[in-house]
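Below, all heavy atoms of this structure are taken into account, side chains as well, without hydrogens, waters or symmetry copies. In the text below, chain A, chain B and the rest are named by the order of the sequence lines, each starting its count at 1.
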Amino acid sequence: MKFRTIKGTKDILPEETAGWQNVESVIRRVMRNFNYQEIRTPTFEQTGLFARSIGELTDIVSKEMYTFLDRSEESITLRPEGTAATLRAYIQNNLGEQSPLTKVYYIGPMFRQERPQAGRLRQFHQFGAEALGASSPQLDVEMMVLPLEIYKQLGIDHFSLKINSVGCEKCRPAYKQLLQTELRKIFTQLSHDSQVRVEQNPLRVLDSKDKKDRELTAGMPLMNEHLCEECTVHFASVRSLLDALNIPYEVDGRLVRGLDYYTKTAFEITSTALGSQDALAGGGRYDLLVEELGGKQTPGVGFAAGIERLLIVLSKLNENKIASSAPVIFFVGLDETARIWTFLKTNELRRQGTCAEVDYLGRSVKSQMREANRQQAQYVIVVGEQELKTKTAKLKNMHTGEETAVSLEKIEIPS
RNA sequence: GUGGCCAUAGUUCAGUUGGUUAGAACGCCAGGUUGUGGCCCUGGAGGUCGAGGGUUCAAAUCCCUCUGGUCACCCCA
């Protein structure tokens, strides 16, 4: 075979699209109910936008981005996530000047050049939301409720929500130093990856998946134990709002997440139905990011969720079985005259809003009937010389096998 | 980026210790009396055995390289 999809990319085939569309429509419906409006940004941006927002030292920026020079030698990157571009659009179009609070959602492909595995692709799809302009913990909670509600409406009830507070510019630096001092004491025993992080991003050491690192850092001070007054209150509000909404969650003091821009709240939703890539959604607050990207100081919160991973969970639970569309009526033409008539009639019905189909391959009656059956057509009308002469035909119900007379002038389909 | 496993019809898989024209099921196509599907029956098409090299009288089968897939590490959606 000459051409294949690029490693880590996939065709979404006709038999799968009904399931995708169903998921997308639930996402859009829930977003609408929560009063979020869709935003669509380009799939590629200036490389600097991502480097600046996500963080130069993160894995995403340092080794996973699809970056290339375009013909004018500008460095371009295929978006690895949705927040950066959304905020860029927010700033560029002065959305903050038009209303004090902006609530938007997006849905579309993202790109990261990682080694593919279960639940991880190089082009994958995310949906997510951002609320810009308010620092209320209510919005932090809304960002958790949104994906949970979408999952619930799709029939998923088993997931776990982990939350943490990663502090702010006031309390994080002091904690960071404290943690670094502790980490340096056990430096030589840490895994290579963690050693690198001790200086660059010590909080991430606590989030290491390495078993030995976990044991070594077991008694270490946690960020959420060293929050400033403002962050403490904020975190407590988030928790009490979750309690009030009866949403089960777990405080995980080690949760940091891989993007540098989070402040205060960080959260993650995981599912045991997934393999080792078990994160279904993640998000958090980013009160410094808009300013970092050149906008006015604006607080914000958001989340992002993977659609492929959601579909994996749904298929494991045997949910989201959406039947693809089938013709309401299938015409069988017997001779050339009838074939032309059925083709024209099919077009007429289609334009009136009925899904109709004919045979285009010049097949036998038996074959045409088989085709109608294969396509799960609801009704079949066989048209030949006789039918065209009398202007009446038999409407066959393919489910019951029953045949009733219909006028070819005015085809009425029982509802 | 590192590692394990895998690669045979459209699909899911068989294929003995290397040995004739590489099989099955499902799917697809066509028939089973003059113009009717589903079940059933009959027949048919469809494979450079991932690619390249090597060992051998002989390779789908053994060895090497590459490519692709998959899972895991790392990280994340």
[X] [atom1] - [N] [atom2] separation (whole Å):
X        : N      : atom1 : atom2 : result
A:Glu64  : B:rC76 : CD    : P     : 8 Å
A:Tyr379 : B:rG38 : OH    : P     : 20 Å
A:His399 : B:rG37 : NE2   : C1'   : 14 Å
A:His192 : B:rC73 : NE2   : C1'   : 14 Å
A:Ile381 : B:rG35 : CD1   : C1'   : 15 Å
A:Leu395 : B:rU36 : CG    : C1'   : 13 Å
A:Gln277 : B:rC74 : CD    : P     : 9 Å
A:Asn373 : B:rG37 : CG    : C1'   : 4 Å

Side chain [X], main chain [Y], donor-acceptor under 3.5 Å:
X        : Y        : value
A:Arg309 : A:Ala279 : yes
A:Glu308 : A:His125 : yes
A:Asp140 : A:Arg285 : no
A:Gln37  : A:Lys103 : no
A:Tyr175 : A:Pro221 : yes
A:Arg254 : A:Leu206 : yes
A:Asn320 : A:Gly19  : yes

What residues form a side-chain contact (heavy atoms from CB on, under 4.5 Å) with A:Arg32, not counting sequence neighbours?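 Scan of A:Arg32 (side-chain contact (heavy atoms from CB on, under 4.5 Å), adjacent residues dropped) gives A:Arg29.
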Under the side chain to side chain contact (heavy atoms under 4.5 Å, CB included) rule, what do A:Thr342 and A:Val332 come out as? Steps first, then yes or no, please. CA-CA 7 Å; A:Thr342 54; A:Val332 171; over 6 Å; no
Cation over ring face, A:Arg339 and A:Phe343, 6.0 Å, 45°: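 Because its charged atom misses either the 6.0 Å distance or the 45° angle limit, A:Arg339 does not stack over A:Phe343.
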For A:Gly119 and for A:Gly8, find the nucleotide of RNA chain B with the closest heavy atom, then tell me which residue's nucleotide is more 5'.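 Between the two, 5'-proximity favours A:Gly8.
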Please tell me which of A:Met398 and A:Asp193 maps to the more 5' nucleotide of RNA chain B, matching each residue to the nucleotide holding its nearest heavy atom.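 Going by which nucleotide is closer to the 5' end, it is A:Met398.
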Going by side chain to side chain contact (heavy atoms under 4.5 Å, CB included), A:Thr77 matches just one of A:Thr47, A:Val61, A:Thr43. Which one?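 Single pass found, and it is A:Thr47.
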Could you measure between the two [atom1] atoms, the one in [N] and the one in [M], and give it in whole Å?
N      : M      : atom1 : result
B:rA60 : B:rU16 : P     : 12 Å
B:rC6  : B:rC75 : C1'   : 25 Å
B:rG27 : B:rA45 : C1'   : 13 Å
B:rU42 : B:rU33 : P     : 16 Å
B:rC29 : B:rU20 : C1'   : 30 Å
B:rA72 : B:rA25 : P     : 35 Å
B:rU11 : B:rG19 : C1'   : 30 Å
B:rG18 : B:rG52 : P     : 24 Å

What is the nucleic acid contact for A:Glu403, judged by heavy atoms within less than 4.0 Å: base, sugar-phosphate only, or nothing?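 A:Glu403: base contact, heavy atoms under 4.0 Å.
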Within the 4.0 Å heavy-atom criterion, would you say A:Ala372 contacts the bases, only the backbone, or no part of the nucleic acid?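 No contact at all - A:Ala372 keeps every heavy atom at 4.0 Å or more from the nucleic acid.
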Can you build the contact string for nucleotides 27-33 of chain B? Use B for base contact, S for sugar-phosphate-only contact, and - for no protein heavy atom under 4.0 Å. -SSBBB-
For nucleotides 1-11 of chain B, just jot down a letter per nucleotide in 5' to 3' order: B, S or -, based on protein non-hydrogen atoms under 4.0 Å. BBB--------
Distance criterion of 3.5 Å, no angle test: do you see the side chain of A:Lys7 paired donor-to-acceptor with the base of B:rG69?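 Donor-acceptor pair under 3.5 Å: no.
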Within the modelled atom types, does a donor on one side and an acceptor on the other bring the side chain of A:Glu387 and the base of B:rG35 under 3.5 Å apart?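 Checked by distance alone, the answer is yes.
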Please list each protein N or O that sits under 3.5 Å from an N or O in nucleotides 46-51 of chain B, with the distance.
none

Grab the two heavy atoms, one from A:Leu148 and one from A:Phe159, that are nearest each other, plus how far apart they are.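 Closest heavy-atom pair between A:Leu148 and A:Phe159: CD2-CE1, 3.3 Å.
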Closest heavy-atom contact between A:Lys345 and A:Leu408?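 That would be NZ-O, 3.3 Å.
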Can you name the side-chain hydrogen bond (donor to acceptor under 3.5 Å, both in side chains) partners of A:Gln92, sequence neighbours left out?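 side-chain hydrogen bond (donor to acceptor under 3.5 Å, both in side chains) list for A:Gln92, sorted by chain: A:Arg88.
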Under 6.0 Å from the [atom1] atom of [X], do we count more than 12 heavy atoms belonging to anything else shown?
X        : atom1 : result
A:Leu13  : CG    : yes
A:Glu250 : CD    : yes
A:Glu385 : CD    : no

Near-strand residues of [range], defined as heavy-atom separation under 4.0 angstrom from RNA chain B:
range                       : value
residues 306-313 of chain A : A:Gly306, A:Arg309
residues 197-208 of chain A : A:Arg197, A:Arg204
residues 140-163 of chain A : none
residues 321-342 of chain A : A:Leu334

Roughly how far, to the nearest 0.5 Å, is CD of A:Glu387 from OG1 of A:Thr392?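 Between atom OG1 of A:Thr392 and atom CD of A:Glu387 there are 7.0 Å.
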Let me check I have this right: for RNA chain B, each base becomes ., (, ), [, ] or |, based on Watson-Crick or G-U pairs with both distances under 3.5 Å. What is the full string? (((((((..((((.....[...)))).(((((.......))))).....(((((..]....))))))))))))....
Please list, chain by chain and in numerical order, all residues satisfying ring pair (Phe, Tyr, Trp, His ring centres under 6.0 Å) with A:Tyr262, sequence neighbours excluded.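 A:Tyr262: no ring pair (Phe, Tyr, Trp, His ring centres under 6.0 Å) contacts found.
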Distance-only criterion, 3.5 Å: show the donor-acceptor pairs between side-chain atoms of residues 107-114 of chain A and protein atoms not counting sequence neighbours.
residue  : atom : partner  : partner atom : Å
A:Arg112 : NE   : A:Pro80  : O            : 2.8
A:Arg112 : NH2  : A:Pro80  : O            : 2.9
A:Glu114 : OE1  : A:Arg120 : NH1          : 3.3

Syn or anti for B:rG38, please, going by whether the chi angle lies within 90° of 0.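 Glycosidic conformation of B:rG38: syn.
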Is there a salt bridge (Lys or Arg N to Asp or Glu O under 4.0 Å) between A:Arg52 and A:Glu292? Walk through the geometry before answering. CA-CA 8 Å; A:Arg52 194 67 179 273; A:Glu292 177 71 24; 2.7 Å; yes
Using only side-chain N and O atoms of A:Gln117, determine if any of them is under 4.0 Å from OP1 or OP2 of B:rA72.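 So the side-chain polar atoms of A:Gln117 do come within 4.0 Å of the phosphate oxygens OP1 or OP2 of B:rA72, strictly under.
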